[in-house]
Amino acid sequence: MTLEEIKMMIREIPDFPKKGIKFKDITPVLKDAKAFNYSIEMLAKALEGRKFDLIAAPEARGFLFGAPLAYRLGVGFVPVRKPGKLPAETLSYEYELEYGTDSLEIHKDAVLEGQRVVIVDDLLATGGTIYASAKLVESLGGIVDSIIFLTELTFLDGRKKLDGYDIISLIKF
Ligand SMILES: O=P(O)(O)OC[C@H]1O[C@H](OP(=O)(O)OP(=O)(O)O)[C@H](O)[C@@H]1O
Ligand SMILES: Nc1ncnc2[nH]cnc12
């Protein structure tokens, strides 16, 4: 398996969820056991040598890669969720999407002061989702060690929004 093969498996759906958006659909990667396993292994490899305590990932597609990666690396997992989903006390942060606005929440006790956190998501577009996730982690006193994506839409320049963070992406479109 190669990352080029994974890239070929990610299909583009035009005009979803809105006209003009070319949606990158990762579900073919998830349903292929070898491809899913290889994607997690490659994400793990890209983090080799880093020391961190937790993986945090935003709902919903971030969970699909973040949780198996945390399990694989033997660290804890922190969900960053859409409003009203987390049951205990939360912090919120509003952000812009390629196709709208939303807000994200984290449990106030999810990250302890000084803990190092890797943030994981399936895709970097404008960077709004991950910027919000990083700010939530930092508001709790966490340190964002790095941010890792399976894919990056380079033409949207999300890296600019995440200037100052250590960004890793495995597949670029
Ligand atoms: O870089 P950005 O412009 O913020 O966009 C990237 C985000 O958009 C998608 O999630 P979406 O909000 O569509 O939600 P989902 O994971 O629940 O499908 C994707 O999984 C990233 O989290
Ligand atoms: N073009 C896109 N494809 C898939 N997920 C996205 N999230 C934001 N933009 C996206």
Side-chain angles (χ1 to χ4, degrees), residues 3-32 35-36 39-40 42-43 46-47 54-70 77-87 90-107 110-111 117-139 142 144-173:
L3 285 174
E4 200 49 44
E5 286 175 274
I6 302 284
K7 185 175 182 176
M8 304 280 282
M9 291 173 78
I10 298 172
R11 63 182 171 186
E12 191 172 280
I13 311 289
D15 301 322
F16 180 89
K18 286 189 179 164
K19 213 168 168 45
I21 300 289
K22 294 175 177 167
F23 191 89
K24 300 291 185 192
D25 179 22
I26 46 96
T27 62
V29 177
L30 299 172
K31 77 166 182 180
D32 182 306
F36 190 23
S39 302
I40 299 300
M42 288 299 102
L43 290 166
L47 294 173
L54 293 168
I55 281 182
E59 181 177 353
R61 278 175 275 151
F63 292 3
L64 300 172
F65 293 94
L69 188 58
F77 177 78
V78 169
V80 175
R81 294 209 64 179
K82 292 180 181 172
K85 296 287 187 181
L86 288 169
T90 56
L91 278 184
S92 305
Y93 193 98
E94 189 159 309
Y95 68 105
E96 279 175 31
L97 269 184
E98 192 188 358
Y99 38 73
T101 72
D102 214 335
S103 69
L104 285 175
E105 296 184 347
I106 195 168
H107 270 149
V111 178
V117 180
V118 171
I119 301 178
V120 179
D121 206 352
D122 68 322
L123 178 138
L124 171 60
T126 65
T129 304
I130 288 302
Y131 186 80
S133 305
K135 292 298 148 199
L136 287 170
V137 165
E138 288 169 352
S139 302
V144 177
D145 173 87
S146 50
I147 306 177
I148 187 164
F149 303 92
L150 181 68
T151 61
E152 174 178 2
L153 304 183
T154 54
F155 58 91
L156 289 173
D157 230 3
R159 276 181 190 252
K160 215 179 198 167
K161 189 168 181 81
L162 302 174
D163 196 29
Y165 291 107
D166 230 345
I167 310 291
I168 303 164
S169 73
L170 302 188
I171 295 168
K172 293 174 177 65
F173 288 99

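Counting starts at 1 for both ligands and their atoms, in listed order.
- Residue K172 places its NZ atom among more than 12 non-hydrogen atoms of other residues, nucleotides or ligands, all under 6.0 Å distant.
- Here D121 has side-chain heavy atoms under 4.0 Å from ligand 1, and that is the only part of it that gets that close.
- The distance from atom CD1 of I6 to atom CG of D32, rounded to the nearest 0.5 Å, is 7.5 Å.
- At least one heavy atom of G127 sits less than 4.0 Å from an atom of ligand 1.
- The side chain to side chain donor-acceptor pair (under 3.5 Å) search around D25 returns R11, T27, not counting sequence neighbours.
- With distances taken over non-hydrogen atoms, the option nearest atom 4 (C) of ligand 2 out of K22, E12, K24 is K24.
- Heavy atoms of other residues, nucleotides or ligands lying less than 6.0 angstrom from OH of Y131 number 12 at most.
- Within ligand 2, counting atoms from 1 as listed, the ones closer than 4.0 Å to a heavy atom of A125 are 8 (C), 9 (N).
- At under 3.5 Å, not a single nitrogen or oxygen of L124, backbone or side chain, sits near a nitrogen or oxygen of ligand 1.
- Within the listing of ligand 1, atoms 1 (O), 2 (P), 4 (O) sit less than 4.0 angstrom from a heavy atom of G128.
- Interface atoms of ligand 2 facing L153, defined by a heavy-atom separation under 4.0 Å, are 1 (N), 2 (C).
- Under 4.0 angstrom from ligand 2, there are no non-hydrogen atoms of D25.
- For the pair K24 and F173, the cation-pi test (distance below 6.0 Å, angle within 45°) is passed.
- Side chains of S169 and L124 form no contact here, defined as non-hydrogen atoms less than 4.5 Å apart.
- Applying the 4.0 Å criterion to heavy atoms of A60 picks out, from ligand 1, the atoms 15 (P), 16 (O), 17 (O).
- When all heavy atoms of S39 and A35 are compared, the pair lying nearest together is OG-O, 2.7 Å.
- Counting heavy atoms only, R61 comes closest to atom 9 (C) of ligand 1 of the residues K161, E152, K82, R61.
- Considering all non-hydrogen atoms of both residues, D145 and D166 come closest at O-CB, 3.7 Å.
- The residue among T129, L104, L64, I21 with a heavy atom at the shortest distance from atom 4 (O) of ligand 1 is T129.
- Residues F77 and G66 come closest through the heavy atom pair CE1-C, 3.6 Å.
- Contacts between R61 and ligand 2, counted as non-hydrogen atom pairs separated by less than 4.0 Å, involve the side chain only.
- Short contacts between ligand 1 and E59, defined as distances under 4.0 Å to a heavy atom of the residue, involve ligand atoms 16 (O), 17 (O).
- Contact annotation: for D122 versus ligand 1, heavy atoms closer than 4.0 Å belong to the side chain alone.
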